[in-house]
Protein chains: 2
Amino acid sequence: MLEQISASKSEILDAAAHCFMTLGADAASIDDIAASLGSTKGRIYHHFPSKGALLAAVQLRAARFTYGAVQAVIDERLTPEACLHKMAQAHVLEVLRSLPYHKVILQTFTGARGKSPSKAAEEGLQAQVRAEQRQYTELFAAQVSRGMANGTFAPRTLRVTVAGLMLTLNSPVFWYQSGRGDEQNFRKTVADDLAEMALASLRA
Amino acid sequence: MLEQISASKSEILDAAAHCFMTLGADAASIDDIAASLGSTKGRIYHHFPSKGALLAAVQLRAARFTYGAVQAVIDERLTPEACLHKMAQAHVLEVLRSLPYHKVILQTFTGARGKSPSKAAEEGLQAQVRAEQRQYTELFAAQVSRGMANGTFAPRTLRVTVAGLMLTLNSPVFWYQSGRGDEQNFRKTVADDLAEMALASLRA
DNA sequence: GAAGAAAAACATACTCAGTAGTCTGTTTTT
DNA sequence: AAAAACAGACTACTGAGTATGTTTTTCTTC
């Protein structure tokens, strides 16, 4: 699970995430990524067998970033409400920290799978990405479900509710731009606002 | 504003929206769209000067679909809460009706503008798309703002709040699949659930 | 309302740029 | 010395856009 990643590989992933974010996962070429590293294709293809594999690696890392950050604050002894609030804050802050990775996730999360006959290997990778993503949202679904049974949350379609919840928490991915002074404070504000909105949307 | 669109042009837009949705706006080729129409490139390039223009046309239509549906139910005499509720329902129902168009919007809404030096014409079209989209969200922002001043909504960062709101209302774009029996009822349920969630997320 | 001209609505066959992936060197580390 | 980590040149293919031909519609004019 914890596949140790070399420094060079990690650097490539960062560059790839950044290019995929700014240019789009399809439009960004391997040469673009290599150029942004001051390198050439050779370096990338030495570490990743194909562009699809590279993309999948970026997506997996995105999922694991948030998974790690959120799992660390889960405490079953808390009420579902309190627990979800901490999870929501942690999620938003982590998304803002590793923004490029999550922008890539959103791009390929629209259900638009290309048309490439994608070598079975790629198909497997994409399946793994989806599996880990679902596993992650399960963390939230569990608390929501607990809260609904509890009576603190309004009884609604679980799938619809959780989907809406995750979208709210991921909304900065669509508009957040780093580089404006006062980063730290603004991020905290955004995390608090969204966490409160998300919780409020659930309450009965 | 109301640029009359011919039947053939409209048919092309539908096919384009469908292809962009299933294959992704980048991966879908003009030939793909033509093939799905039982035609060839010639037909498409006769009506649209470029792929970018076609894409922009799809996006503009998406914005106008929802704009028309929502504007029709706005009634300033209602409380911000009641008005927003009706707007939210109308928005979701319209999104579900013209789903392919809105999937395309989301795909290109991640801020990933390609790298093409895009002839100034395309740049202008994209600007127009963004303008009409912003104009549309203004309809919602106005009511939210009214409600915050009113005291019925919690005082939060307006931009963040509205962004989260729109995302919640657009969430079906990510997971809704048509073709399961009981369409009408399910759509109504989704619209009601999301409208209530959205409103709940705003209340003080 | 028929004949013919003009324009619109396509089809077909090309060009050409960009890009994923490969193959063979060359350098650096172990 | 051997293996890992790259660079650079090359191939094969896809896909946007074009240029020209062909069909259909529309618009006249008798």
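Just so you know, these numbers use all the heavy atoms, side chains as well, and skip hydrogens, waters and symmetry mates. Below, chain A is the first sequence line, B the second, and so on; all start at residue 1.
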Student: Checking only heavy atoms, does the side chain of B/Lys41 share a donor-acceptor pair with the base of D/dA16 at less than 3.5 Å?
Tutor: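 Result: at least one qualifying N/O pair found.
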Student: To the nearest Å, give me how far apart CD1 (B/Ile12) and P (C/dA9) are.
Tutor: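 In whole Å, C/dA9 P lies 10 Å from B/Ile12 CD1.
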Student: Hunt down the Watson-Crick or G-U wobble partner of C/dA17, both distances under 3.5 Å, from any strand shown, or write none.
Tutor: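 Answer to the pairing question: D/dT14, which forms a Watson-Crick or G-U pair with C/dA17.
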Student: Base, sugar-phosphate alone, or nothing: which one does A/Thr40 contact when heavy atoms must sit under 4.0 Å apart?
Tutor: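 Base, at least one base heavy atom under 4.0 Å.
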Student: According to a strict under-4.0 Å criterion, is B/His47 in side-chain N/O contact with OP1 or OP2 of C/dC10?
Tutor: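 Answer is yes, contact under 4.0 Å.
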Student: Distance check needed: D/dG17 P versus B/Arg43 CZ, whole Å only.
Tutor: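 Computing the B/Arg43:CZ to D/dG17:P distance gives 19 Å.
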Student: Hey, is the main chain of A/Gly179 close enough, under 3.5 Å, to the side chain of A/Glu183 for a donor-acceptor pair?
Tutor: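 Yes; at least one donor-acceptor contact below 3.5 Å.
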Student: With distance as the sole test, does B/Lys103 use its side chain to make a donor-acceptor pair with the main-chain N or O of B/His18 at under 3.5 Å?
Tutor: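 Here the side-chain-to-backbone pair does not exist.
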Student: Expressed as a whole number of angstroms, how long is the span from A/Phe48:CZ to D/dA5:P?
Tutor: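 It works out to 12 Å between those atoms.
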Student: Separation of B/Asp31 atom CG from D/dT14 atom P, in whole Å?
Tutor: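 Whole-Å distance recorded here is 11 Å.
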Student: Calculate the interatomic distance between B/Ile33 atom CD1 and D/dG15 atom P; express it in whole Å.
Tutor: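 Atom-to-atom, B/Ile33 to D/dG15, this comes out as 12 Å.
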Student: Return no unless some side-chain N or O of B/Ser8 is found under 4.0 Å from OP1 or OP2 of C/dC10.
Tutor: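 Result: yes.
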Student: If the plane angle is over 60° it's perpendicular, under 30° parallel, otherwise tilted; pick one for A/Phe186 and A/Tyr176.
Tutor: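 The arrangement is parallel - the two ring planes meet at less than 30°.
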Student: Regarding B/Ala34, tell me which of base, sugar-phosphate or nothing describes its non-hydrogen contacts under 4.0 Å with the strands shown.
Tutor: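 Touches nothing.
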Student: Nearest-Å distance, CD1 (B/Ile30) to P (C/dC16)?
Tutor: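 It is 20 Å, rounded to the nearest whole Å.
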Student: Where the side chain of A/Lys51 is defined as all heavy atoms beyond and including C-beta, which of C/dA8, D/dA16, C/dA20 is the nearest nucleotide?
Tutor: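 My answer, after comparing the listed nucleotides, is C/dA20.
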Student: Tell me which pairs pass ring-ring contact (aromatic ring centres under 6.0 Å, His included) where either residue lies in residues 39-65 of chain A, with sequence neighbours left out.
Tutor: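 Passing the test, one end in residues 39-65 of chain A: A/Phe65-A/Tyr101.
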Student: Between P on D/dG17 and CD on B/Glu122, what's the gap in Å once rounded to a whole number?
Tutor: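 So the CD-P distance, B/Glu122 to D/dG17, works out to 7 Å.
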Student: How many angstroms lie between CD1 in A/Ile105 and CD in A/Gln107, if you round to the nearest 0.5 Å?
Tutor: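 With rounding to 0.5 Å, CD1 (A/Ile105) is 10.5 Å from CD (A/Gln107).
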Student: Would you mind telling me which residue lines up with the more 5' stretch of DNA chain C, A/Gly42 or A/Asp32, judged by nearest nucleotide?
Tutor: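 Checking each residue's closest nucleotide, the 5'-ward one belongs to A/Asp32.
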Student: Tell me which nucleotide among C/dG21, C/dA11, D/dA5 gets nearest to the side chain of A/His46.
Tutor: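 Of C/dG21, C/dA11, D/dA5, D/dA5 is nearest to the side chain of A/His46.
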Student: If I take atom CG in residue A/Asp26 and atom C1' in nucleotide C/dG18, what distance separates them, rounded to the nearest angstrom?
Tutor: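 Atom CG in A/Asp26 sits about 14 Å away from atom C1' in C/dG18.
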